[in-house]
Protein chains: 2
Amino acid sequence: MPDSLTVPQETFAQKLADSGLRNTPQREVVYSVLLQKRDHPTADEVFARVKAELPTISLATVYNCLEALVQCKLVRAVNFEREPTRYCPNLRPHAHFHDDQTGSTHDIDLPPDLLERVQAILPPGYDAASVEISFRGSAVSSQN
Amino acid sequence: MPDSLTVPQETFAQKLADSGLRNTPQREVVYSVLLQKRDHPTADEVFARVKAELPTISLATVYNCLEALVQCKLVRAVNFEREPTRYCPNLRPHAHFHDDQTGSTHDIDLPPDLLERVQAILPPGYDAASVEISFRGSAVSSQN
DNA sequence: CTATATTTTTGGAATAATTCTAATTATCAC
DNA sequence: GTGATAATTAGAATTATTCCAAAAATATAG
């Protein structure tokens, strides 16, 4: 049972069920790990963190859990060039910034109208299930 | 020597030189293959097509050439979830639409102002070297 | 021109992320 | 509870990409 769910506990199982998926201890722990440290971990990093709580979990299960969470839209999968897939539990509309220097990834909130504007460039007949806006560069910011 | 260069022949070698890279027959043929059929081929597909003209070229060289072309900004590398990198010689500002049904990728031209608007969401201190806007979904369009 | 340095190409081996497989275990519906 | 379905597991397999060391090509300096 994840501690500080963005989504109420009830809804966690529900969201899975809506996609025909079951709730399992492994899926809960994987999700809670994503919520605890929102640094866009890779599957391997998630694996390492989850093992602290479930020492016998396998990497294949971590991949399965992540895929399940992506499928039921509790988590987004993020890809950058030639890098392993990273996972993000932020449900608000946002873009991603990948810092080439540090390898870290930051969420950039999208103004409410911008996503619509971007969607609007699609010609008729194009039906987008998902949109991803991603930047690569370096963040000189004081933020980390 | 590519036939219908978007960029004048002179500039092809020049663009490479600007990045400290040499012009080679292999790089020319790889580039011409990208121009001839703009279907966002993978490195493997490029390899297959280039072999028609240069039967002894190696896959490693194709990767090298593609990387060189990306580096000197004649070509863009495009990534979709869990798929091999695809290559695109379209130099105009555009987004990518990946059709999940067919696996095909389409360029979507960006209105002149939109790229700026998207760039503008970055907080101070964030310096983006590149932006990528990508859609996944299905294209019911009459177009292919 | 020729010698030397640098870059590129090549084929094969190595790596890294992800998926597959088959057996076991857990969970759901009745 | 029983049978059907789904999830987990460990390890093998696959796939894209990178690395490596040697040979070839090209540029540069004299």
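Residue numbers start from 1 in every chain, and the chains themselves are labelled A, B, ... in the order their sequence lines are given, proteins ahead of strands.
With sequence neighbours left out, the side chain to side chain contact (heavy atoms under 4.5 Å, CB included) criterion links A/V50 to A/V29, A/V30, A/V33, A/V46, A/L54, A/I57. Scored by the ring-ring contact (aromatic ring centres under 6.0 Å, His included) test, A/F47 finds no partners at all (sequence neighbours excluded). Residues satisfying the ring-ring contact (aromatic ring centres under 6.0 Å, His included) criterion with A/F97, sequence neighbours excluded, are B/Y126. B/T42 is linked by a side chain to side chain contact (heavy atoms under 4.5 Å, CB included) to B/D44, B/E45, B/P84, B/R86, counting only residues two or more places apart in sequence or in another chain. Looking at residues two or more places apart in sequence or on another chain, you find no side chain to side chain donor-acceptor pair (under 3.5 Å) involving B/R82. Scanning for ring-ring contact (aromatic ring centres under 6.0 Å, His included) contacts around B/H94 gives B/H96, with sequence neighbours left out.
Judged as a side chain to side chain donor-acceptor pair (under 3.5 Å), the pairs with a partner in residues 55-64 of chain A (not counting sequence neighbours) are, in order, A/R27-A/N64, A/S58-A/T61.
Between B/R82 and B/R27, the one whose closest nucleotide on DNA chain C sits nearer the 5' end is B/R27.
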side-chain hydrogen bond (donor to acceptor under 3.5 Å, both in side chains) evaluation trace for B/E83 with B/N79: CA-CA 7 Å; B/E83 299 222 341; B/N79 287 271; over 6 Å; no
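Stem list for DNA chain C (at least 3 consecutive Watson-Crick or G-U pairs, distances under 3.5 Å): C:1-30 with D:1-30.
In this structure, B/R136 does not pair ionically with A/D127, as no charged nitrogen and carboxylate oxygen lie closer than 4.0 Å.
Sorted by residue number, the members of residues 56-73 of chain B with any non-hydrogen atom under 4.0 Å from DNA chain C read B/T56, B/I57, B/S58, B/A60, B/T61, B/N64. Heavy-atom distances under 4.0 Å link DNA chain C to A/D44 of residues 41-54 of chain A, given in residue order.
Cluster membership check: B/V78 does not share its hydrophobic cluster with B/I133, using side-chain heavy-atom separations under 4.5 Å among Ile, Leu, Val, Met, Phe, Trp and Tyr.
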Are there any protein N/O atoms within less than 3.5 Å of an N/O atom in nucleotides 3-6 of chain C, and if so, which ones and at what distance?
unit_1: C/dT6; atom_1: O2; unit_2: B/R22; atom_2: NH2; d: 3.3

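Between A/Q26 and C/dA26, a side-chain N or O to OP1/OP2 separation shorter than 4.0 Å is absent.
For DNA chain D, the contact window with chain B, defined by any atom under 4.0 Å from a protein heavy atom, covers D/dA16 to D/dA27 in 5' to 3' order.
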